[in-house]
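Here's the structure we're looking at; comments come further down.
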Amino acid sequence: MTDTAPNLDFIREIIADDLTTGKHSAILTRFPPEPNGYLHIGHAKSICLNFGISRENAGVTGTRCHLRFDDTNPEKEESEYVESIKTDVQWLGFDWGEHLYFASDYFTFFHDCAVHLIAAGLAYVDDDSAEEIRAKRGNLTTPGTHSPRRERTVEENLDLFARMRAGEFKEGECVLRAKIDMASSNMNLRDPVLYRIMHAHHHNTGDAWCIYPMYDFAHPLEDALEHITHSLCTLEFENHRPLYDWFIDHCPVPSKPRQIEFARLNLTYTVMSKRKLLQLVQQGHVSGWNDPRLPTLSGLRRRGYPAPAIRDFCKRIGLTKFNSTTDVALLEFEVRDFLNPSSPRRMAVLNPLKVVLDNWSAEPLGHVPLANHPQNPAAGDRQVAISDELWIERDDFMVDPPKKFYRLGPGRHVRLRGGHIIRHVSHETDAAGHVTLIHAEIVPGTVGADAPAGIECRAAIHWVDAATGMDAQVRLYDRLFTVADPDGAPDGFVSVLNPASLTTVTAKVEPALAQAPAGFACQFERVGYFIADDCDHQPGCQPVFNRTVALKDSWGKQAGR
RNA sequence: AGCCUCAUAGUGUAAUGGUAACACCCCGGAUUUUGAUUCCGUUAUUCUAGGUUCGAGCCCUAGUGAGGCUACCA
């Protein structure tokens with residue numbers, strides 16, 4: 001896409017202001033994933049935002065973007081996820097440099113801040129159970145009631161908290177809570193839990209801790225400690241901002257970050273919830289987090305989606321506080337837009353029908369040159385073998401062609417792409433009436449030349465030489481991803497994935513396509529192009545753009561599907 | 001029910017009190033040895049009602065609708 005973005009979104013506007021007014025001399029942002037799953041296209045929006053802001057202000061000394069793992073819940077987090085997240089952020093094209101952090105590296109600091117709050121009379125140890133705490137929190141319209149432990153002395157709380165940390169209590173026996181306002185209309189301010197006891201092994205800190213901080217407490221402290229200036233998060237944290245600010249105001253932190261919320265990405269036909277994606281993986285409905293049907297970055301990568309196209313997409317969708325659902329067609333457009341100018345073309349036949357050229361001896365050629373890219377002569381030509389027996393697409397021949405069908409039919413002419421114009425002579429059918437073979441004749445002198453006067457030929461079709469063409473596994477995709485929301489599938493995920501959205505067929509392809517690197521597979525998208533499986537992992541394996549397009553409804557059913 | 005946030009073509013976003021625009025999608029046309037690409041074109045937009053103002057998509061009030069909040073998740 002063009003880089004002309006004349007208007008700043010509301011966040012970039014705030015940042016520009018903070019820079020011009022001198023509020024900040026440098027901009028520090030961060031991408032803070034919890035390592036509890038793989039990154040998906042929704043995370044790409046946040047990554048492109050945070051790292052993008054850093055990149056856009058690269059001229060401002062000190063501006064940078066941190067990658068920080070928000071790993072405060074050992075029950076959900078794994079090192080495998082840490083590694084995949086690093087891989088995906090890099091693949092997307094961003095670099096955190098030296099600034100890789102773990103919230104778990106700050107556990108001592110969080111602890112000290114908690115002690116500070118206790119000492120200031122702003123936090124207390126509560127023995128209430130989770131159920132009691134919930135019950136006493138009140139509800140949306142009625143205020144909560146105070147825990148009997150709310151007025152414990154500072155000394156008592158200090159002692160209790162030390163014993164919590166020392167492991168003297170079992171999980172759930174007590175928690176540390178902030179003393180704020182049990183009558184607040186904002187539920188987050190009704191004495192939120194700061195620390196809970198978890199005798200769990202942490203992927204980073206091992207068994208060093210048995211108390212773990214809650215997100216609301218840890219996150220502002222993490223931001224402040226790293227001198228983050230703008231803490232960008234999604235809309236569901238809006239109601240948490242007063243609490244975020246409360247911790248910043250009452251803890252001994254070295255800076256004052258500002259939380260700003262934006263709407264998360266929703267895509268049509270796409271399951272984006274990490275919880276649901278995890279379920280799809282764990283229940284074996286997909287082959288893994290990088291299943292090409294998934295909207296994970298690793299799935300998209302495997303599917304052949306180029307990282308720049310995803311970045312362009314993130315730029316294109318804008319940034320607001322409005323809960324919207326972006327049409328997945330916009331993503332597909334960016335992919336095509338990126339692939340089209342550079343991807344070399346190849347021919348392939350998915351559903352083969354044999355054509356015998358009866359008068360081949362009239363102009364027998366060994367091979368014909370085909371341009372690798374129709375608009376880019378610099379991409380060069382390749383020699384494609386041709387002979388008197390070819391495969392063409394079954395959909396490219398119709399016994400009784402409707403109006404506006406310009407391909408092969410009884411007595412009709414059609415162009416073999418890069419080769420001759422041929423004319424249908426006859427065809428054979430089996431007992432069921434299915435066409436099994438076509439006899440045709442070449443029109444001599446039409447390779448690289450226009451159709452002679454009197455011959456109507458409006459289309460050029462893909463073909464593969466039967467003698468030298470090769471079989472290749474081709475992935476057939478319908479559209480993107482999953483096709484329904486799991487919530488709409490009471491019986492689990494069975495109906496979530498359209499089985500037809502990922503099928504493998506053996507296609508006839510020209511040797512130049514079959515000779516792609518090992519591990520290569522072709523994908524046939526609804527919009528009509530091949531892209532290479534894992535092409536970003538394999539040097540020399542380039543996306544191969546475009547077979548025939550999906551044929552229009554105007555004359556019949558869409559080809560491919 | 002209370003509090004917070006949001007509302008601009010079908011979709012996603014611009015317009016910073018001064019002529020409502022761009023992209024995608026859809027549809028139509030031209031070119032085309034990929035029914036692709038490219039090019040041109042059509043349709044369609046400020047949630048409602050008041051108010052402020054010479055002038056309101058923008059400011060104010062009320063209503064309507066949507067999302068969020070009652071984890072020892074993030």
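Proteins get letters first, then strands, A, B, ... in listed order; numbering begins at 1 in each. Keep in mind that the numbers below use all heavy atoms, side chains included, and drop hydrogens, waters and symmetry copies.
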Quick one: label [X] by what it contacts on the DNA or RNA (base, sugar-phosphate, nothing), any heavy atom closer than 4.0 Å.
X         : value
His219(A) : nothing
Arg134(A) : sugar-phosphate
Val368(A) : nothing
Asn186(A) : nothing
Gly144(A) : nothing
Val193(A) : sugar-phosphate
Arg137(A) : sugar-phosphate
Met214(A) : sugar-phosphate

Once side-chain hydrogen bond (donor to acceptor under 3.5 Å, both in side chains) is applied, do any residues pair with [X], and if so which ones, sequence neighbours excluded?
X         : result
Arg264(A) : Glu236(A)
His420(A) : Glu363(A)
Asp9(A)   : Arg12(A)
Lys179(A) : none

With respect to the phosphate group of [N], does any side-chain polar atom (N or O) of [X] fall under 4.0 Å of OP1 or OP2?
X         : N      : value
Thr72(A)  : A74(B) : yes
Thr320(A) : U13(B) : yes
Thr325(A) : G12(B) : no
Arg68(A)  : A74(B) : no
Arg336(A) : A36(B) : no
Arg241(A) : U5(B)  : no

Determine the Euclidean distance between corresponding [atom1] atoms of [M] and [N]; express it in Å to zero decimal places.
N      : M      : atom1 : result
C27(B) : A49(B) : C1'   : 37 Å
A20(B) : A62(B) : C1'   : 26 Å
A9(B)  : A21(B) : C1'   : 11 Å
C4(B)  : U61(B) : P     : 12 Å
G50(B) : U45(B) : C1'   : 23 Å
A66(B) : A1(B)  : P     : 12 Å
C22(B) : U64(B) : C1'   : 30 Å
U19(B) : G57(B) : C1'   : 14 Å

According to salt bridge (charged side-chain N to carboxylate O under 4.0 Å, His left out), who are the partners of [X], at least two apart in sequence or on a separate chain?
X         : result
Lys321(A) : Glu238(A), Glu261(A)
Asp71(A)  : none
Asp126(A) : Arg149(A), Arg177(A)
Glu226(A) : Arg68(A)

Using the side-chain heavy atoms of [X], tell me which of these nucleotides is nearest: [options].
X         : options                : value
Asn139(A) : U33(B), U8(B), U70(B)  : U70(B)
Lys321(A) : U33(B), G2(B), C6(B)   : C6(B)
Arg407(A) : C72(B), G35(B), U33(B) : G35(B)
Met187(A) : C73(B), C69(B), C6(B)  : C69(B)

Check: [N] base within 3.5 Å donor-acceptor of [X] side chain:
X         : N      : result
Glu77(A)  : A74(B) : no
Asp327(A) : G12(B) : no
Arg316(A) : G12(B) : no

Worksheet item: Can you give one letter per nucleotide of nucleotides 56-64 of chain B, going 5' to 3': B for a protein heavy atom under 4.0 Å from the base, S for sugar-phosphate only, - for none?
Response: ---------

Fill in: Verdict with supporting geometry, Phe333(A) and Phe313(A), ring-ring contact (aromatic ring centres under 6.0 Å, His included)
CA-CA 9 Å; Phe333(A) 164 78; Phe313(A) 170 72; over 10 Å; no

Worksheet entry | Proximity to RNA chain B (any heavy atom under 4.0 Å), residues of residues 10-20 of chain A only |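 Under 4.0 Å from RNA chain B: Glu13(A).
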
Would you mind reading off the distance between [X] atom [atom1] and [N] atom [atom2], rounded to a whole angstrom?
X         : N      : atom1 : atom2 : result
Asn340(A) : C24(B) : CG    : P     : 13 Å
Tyr195(A) : C72(B) : OH    : C1'   : 14 Å
Met272(A) : G67(B) : CE    : P     : 17 Å

Practice prompt. State the syn/anti category of A71(B) according to its glycosidic angle, syn meaning within 90° of 0.
Written response: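 Here A71(B) takes the syn form, which means its glycosidic angle is within 90° of 0.
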
Item to complete: Given salt bridge (Lys or Arg N to Asp or Glu O under 4.0 Å), test Glu510(A) with Arg382(A) step by step and report yes or no.
Response: CA-CA 11 Å; Glu510(A) 55 173 292; Arg382(A) 66 188 186 284; 2.8 Å; yes

Practice prompt. Work out which heavy atom in Pro220(A) is nearest to a heavy atom in Ile248(A); give both atom names and the distance.
Written response: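 That would be O-CD1, 3.4 Å.
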
Worksheet item: Any luck finding a side-chain donor-acceptor pair between Asn323(A) and Asn266(A) under 3.5 Å?
Response: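 The criterion, which ignores hydrogens and geometry beyond distance, is not satisfied for Asn266(A) and Asn323(A).
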
Discussion item. Test your reading of the model: is there a side-chain donor-acceptor pair from Thr205(A) to the backbone of His202(A), 3.5 Å cut-off?
Written reply: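 A pair under 3.5 Å: no.
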
Item to complete: Would you list the pairs meeting side-chain hydrogen bond (donor to acceptor under 3.5 Å, both in side chains) in which at least one residue belongs to residues 190-199 of chain A, sequence neighbours left out?
Response: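 Every side-chain hydrogen bond (donor to acceptor under 3.5 Å, both in side chains) pair that includes a residue of residues 190-199 of chain A, provided the two are not neighbours, is Tyr124(A)-Asp191(A), Arg150(A)-Asp191(A).
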
Worksheet entry | Pairing string, 5' to 3', for RNA chain B - Watson-Crick or wobble contacts under 3.5 Å, brackets [ ] where pairs cross, | to another strand | .((((((..((((....[..))))..((((.......)))).....(((((..]....))))))))))).....

Fill in: Geometric class of the Tyr38(A)/Tyr81(A) ring pair [parallel <30°, tilted 30-60°, perpendicular >60°]
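Tyr81(A) and Tyr38(A): perpendicular rings.
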
